[in-house]
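First comes the structure, then the notes that go with it.
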Amino acid sequence: MKLFLSLLLSFLIFSSIAQENQAKSFSVSLDVRKIDYFLAIDYHFGVQKLNFAFGLETGIVKTFFQQRFFPGIHAQINYPLLNKNHFFLAPAFDLNYNLLSVQKGSRHPHVFQEYRLGYQLNCGNKLKLIHSAGVGLISEHFYGAYSQKYRSAIGFAYSVKIGCLYAF
């Protein structure tokens with residue numbers, strides 16, 4: 001909950017600062033990660049030389065096929081290295097926060113936090129193709145039925161994303 005509130009506060013602060021800067025845009029993307037395939041909707045904006053993206057996502061396999069809602073929020077920050085003639089390339093840092101209710105009616109969801117470094121590549125003018133990839137760490141917090149407390153596990157995370165972005 002603290003993470004969600006801090007991301008929301010950051011979004012409000014940075015979007016108010018970004019009013020005089022770069023164009024804003026929305027994107028829809030498919031993100032292949034270790035824990036599921038995610039369908040995401042993002043809002044992108046720039047502040048000085050940094051670009052930010054905040055969005056909502058849901059796990060496709062677990063939500064639609066296994067009937068277990070798997071929502072999440074994510075944030076990205078990137079710094080453009082190349083931004084010429086409809087081509088954009090930037091190193092990126094991604095943060096994802098997902099909740100998965102393993103059993104119906106359970107008050108103790110699995111919590112997944114991912115931290116990744118990678119790149120983002122955009123091609124196009126107003127309607128752009130997005131590709132990004134990254135590697136990093138995933139932290140899973142789950143409630144132990146026997147121990148009656150949350151336990152944690154850390155592992156390797158990866159992500160490959162493709163989508164469309166519309167700038168306005």
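Side chains are part of it too, since the values below use all heavy atoms of this structure and drop only hydrogens, waters and symmetry mates.
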Inset, instruction - Side-chain contact test, heavy atoms from C-beta onward, threshold under 4.5 Å: evaluate it for Pro91 versus Leu81 and give yes or no. - result: yes
Check the hydrophobic clustering (I, L, V, M, F, W, Y; side-chain heavy atoms under 4.5 Å; chains of links allowed) and say if [X] and [Y] are grouped together.
{"X": "Leu50", "Y": "Phe45", "answer": "yes"}
{"X": "Leu121", "Y": "Phe93", "answer": "no"}
{"X": "Leu100", "Y": "Ile60", "answer": "no"}

Give a yes or no on whether the backbone of [Y] and the side-chain of [X] come within a donor-acceptor separation of less than 3.5 Å.
{"X": "Lys34", "Y": "Phe156", "answer": "yes"}
{"X": "Asn78", "Y": "Gln120", "answer": "no"}
{"X": "Lys161", "Y": "Leu30", "answer": "no"}
{"X": "Gln67", "Y": "Phe64", "answer": "yes"}
{"X": "Tyr143", "Y": "Gln148", "answer": "yes"}

Kindly say whether the aromatic ring centers of [X] and [Y] come within a distance under 6.0 Å.
{"X": "Phe112", "Y": "Phe70", "answer": "yes"}
{"X": "His108", "Y": "Phe142", "answer": "no"}
{"X": "Tyr166", "Y": "Phe26", "answer": "no"}

Legend entry - Exceeds 12 heavy-atom contacts within 6.0 angstrom, atom OH of Tyr150: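 Check passes, neighbour count above 12.
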Legend entry - Heavy-atom pair of closest approach, residues Ala90 and Tyr79: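 Smallest heavy-atom distance, with atoms named: CB-O, 3.2 Å.
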Legend entry - Exercise: identify the closest heavy-atom pair between Ser25 and Ala167: CB-CA, 3.5 Å
Legend entry - Side-chain H-bond candidate by donor/acceptor type, Glu57 with Asn96, under 3.5 Å: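 Yes, a side-chain donor-acceptor pair sits under 3.5 Å.
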Legend entry - Polar side chain donor-acceptor pair, Tyr97 to Glu114, under 3.5 angstrom: no
